[in-house]
> 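I have a structure here, written as structure tokens, and I will follow up with some questions on it.
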Amino acid sequence: MTRACWMAPKTWLTAMALGWLAPVGVVAAPQPANLDEAKVPTYELPDPLVDSAGRRVADAAGWRARRAELLELATREMYGRSPLGRPEGMHFVVTAEDPRALGGRATRREVTVQFGRAADAPRMRLLVYLPNHVAGPRPAFVGLNFTGNHATTDDPAVAVAEDTVYPETARARPRGKTLELKARGSESERWQVARVIDRGYATATAWYYDLCPDRVEGMEQNVATLAAAGSTEGRAPDAWGAVAVWAWGLSRALDYLETEPRVDARRVLVHGHSRLGKAAVWAAATDERFAGLIANNSGCGGAALSKRFLGETVGLINHRFPHWFSRSFRRYDDREADLPFDQHQVLALVAPRPLYVASAAEDLWADPKGEYLALAAAGPVYALLGQPSLGAAPMPPVGQPIATTAMGYHVRTGRHDITAYDWDRFLDFADGALAR
Ligand code: GCU
């Protein structure tokens with residue numbers, strides 16, 4: 001499997017066709033993706049409010065038991081078990097601080113979260129901005145980033161971690177200043193730090209590679225070295241995958257935010273885009289300290305229903321990213337009808353906490369309609385818990401967000417991305433959902 005990462009795309013396709021890359025016991029090549037709504041198969045969504053014995057959940061106490069059942073199902077069959085909690089000896093080292101960042105609007109703090117007592121324990125570098133214009137503990141957003149903390153902002157003082165510069169291509173490209181400068185701020189559009197600060201929220205982020213490098217060998221590196229859960233192919237069938245490692249890291253970021261007096265740790269929304277949206281979904285599902293979830297274009301393994309078989313499928317995701325989910329999830333490759341649950345039930349694990357799902361009209365790979373339908377199908381759990389759900393509202397048209405104080409959704413024009421438009425919606429939703 002290891003060599004597969006370095007194959008050229010054409011070699012990948014040949015290899016998949018010949019079955020070289022097929023994990024033991026699953027079909028060689030998954031069916032191609034369907035992007036045609038007319039070809040969505042007939043499917044049945046399991047009811048989040050009917051337990052495995054066929055009993056209907058009647059009240060909040062009954063939901064606690066059903067929730068535990070669903071959490072176990074999604075853990076065992078999809079995301080895998082996390083072998084770690086909060087590591088013994090974990091501590092926080094502030095490596096830089098500027099009370100006058102962003103032209104005086106924010107306090108910037110860079111913090112190394114050391115996952116153990118030893119200085120060489122695995123670690124995650126957190127970049128935190130706290131708004132200066134508002135007093136008291138502030139609500140916050142926390143999410144992982146793709147390219148390194150310095151990419152999330154134009155702020156020239158954020159440390160550039162050497163290993164964050166084009167990790168996958170570093171061997172092929174010369175390292176150095178030019179590339180670093182190119183990376184700096186390259187994702188700032190996606191993070192909108194000043195916008196978030198100006199609305200009175202704190203924001204925190206870490207680079208996901210710090211937790212688990214996004215490749216097959218990543219499952220034996222960084223955080224994984226604390227747990228010895230096994231390699232991508234050598235793991236127990238229900239051991240964690242990379243998405244669960246990233247989710248674990250989001251909980252550790254929250255551990256830090258709980259120590260920060262300028263953050264209201266009971267009002268921290270976890271958010272993420274795409275594969276990091278999948279991680280945010282699982283973080284919010286597993287860690288009830290998060291006040292809510294924003295899942296942006298999170299698609300298959302995130303907010304989108306698998307049983308629709310539209311866009312990316314279970315078979316395609318497991319073949320391309322064999323390290324993301326538990327090995328047990330592979331038994332559903334091209335067999336989505338056999339899944340004993342679907343993503344609406346994973347989203348329901350967030351209830352009664354605020355939940356926002358965002359799609360992009362051209363991002364069919366992530367199945368916008370499947371993302372909306374999953375959110376809507378989690379609604380009855382919100383309603384049972386006394387929260388305003390979206391009811392039977394149909395999927396809203398492009399550019400027309402819908403939200404209550406507990407659930408929200410929009411599909412914007414354009415492609416797979418996070419934009420200022422998305423952030424304005426998230427902030428409006430957060431204002432309503434986290435108001436005190
Ligand atoms: C791929 C993958 C998606 C994922 C996306 C991303 O397209 O198939 O599941 O969400 O990458 O993370 O950008």
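Just so you know, ligand 1 is whichever comes first in the structure, and atom 1 is the first atom listed for that ligand.
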> Pick one of side chain, backbone, both or neither for how Glu312 approaches ligand 1, counting any non-hydrogen atom pair under 4.0 Å.
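Side chain only; the backbone of Glu312 stays clear of ligand 1.
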> Does Arg199 come within less than 4.0 Å of Asp428, counting only side-chain N to carboxylate O?
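Salt bridge present between Arg199 and Asp428.
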> Which residue supplies the protein heavy atom nearest to atom 7 (O) of ligand 1, what is that atom called, and how far is it?
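Nearest neighbour among protein heavy atoms for atom 7 (O) of ligand 1, to 0.1 Å: Trp365 NE1, 3.3 Å.
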> Arg320: heavy atom below 4.0 Å from ligand 1, yes or no?
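So Arg320 counts as touching ligand 1.
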> Tyr372 and side chain to side chain contact (heavy atoms under 4.5 Å, CB included): which single residue from Leu305, Asp367, Val411, Leu390 fits?
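Exactly one option meets the side chain to side chain contact (heavy atoms under 4.5 Å, CB included) with Tyr372, and it is Leu390.
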> Between Asn297 and ligand 1, does any nitrogen or oxygen pair lie at a separation below 3.5 Å?
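In this structure, Asn297 places no N or O atom under 3.5 Å from an N or O of ligand 1.
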> So which protein heavy atom does atom 10 (O) of ligand 1 come closest to, and at what separation?
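For atom 10 (O) of ligand 1, the nearest protein heavy atom is Ser274 OG, 2.6 Å.
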> Against ligand 1, does Trp324 come closer than 4.0 Å with any heavy atom?
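Trp324 counts as a contact of ligand 1 under the 4.0 Å cut-off.
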> Would you call Arg138-Asp264 a salt bridge at under 4.0 Å N-O?
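The answer is no: the pair does not qualify as a salt bridge.
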> Return a yes/no value for Ser298: is any of its N or O atoms, backbone included, closer than 3.5 angstrom to an N or O of ligand 1?
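By distance alone, the answer is no.
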> Could you tell me, atom by atom, which parts of ligand 1 come under 4.0 Å of a heavy atom of Ile317?
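With Ile317 as reference, the close atoms of ligand 1 come out as 9 (O).
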> Is there a side-chain hydrogen bond (donor to acceptor under 3.5 Å, both in side chains) between Asp155 and His150? Walk through the geometry before answering.
CA-CA 8 Å; Asp155 182 344; His150 64 291; over 6 Å; no
> Among all protein heavy atoms in this structure, tell me which lies nearest to atom 11 (O) of ligand 1, with the distance rounded to 0.1 Å.
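That would be Arg275 NH2, 2.9 Å.
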> Determine, for Glu77 against Arg331, whether the closest basic-nitrogen to carboxylate-oxygen distance falls under 4.0 angstrom.
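Yes, Glu77 and Arg331 are salt-bridged.
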> Are more than 12 heavy atoms, taken from residues, nucleotides or ligands other than Glu37, located less than 6.0 Å from that residue's CD atom?
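Counting other residues, nucleotides and ligands, CD of Glu37 exceeds 12 neighbours.
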> Could you check Leu310, Asn297, Leu316 and say which one makes a side chain to side chain contact (heavy atoms under 4.5 Å, CB included) with Trp365?
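So, applying the side chain to side chain contact (heavy atoms under 4.5 Å, CB included) to Trp365 and each of Leu310, Asn297, Leu316, only Leu316 qualifies.
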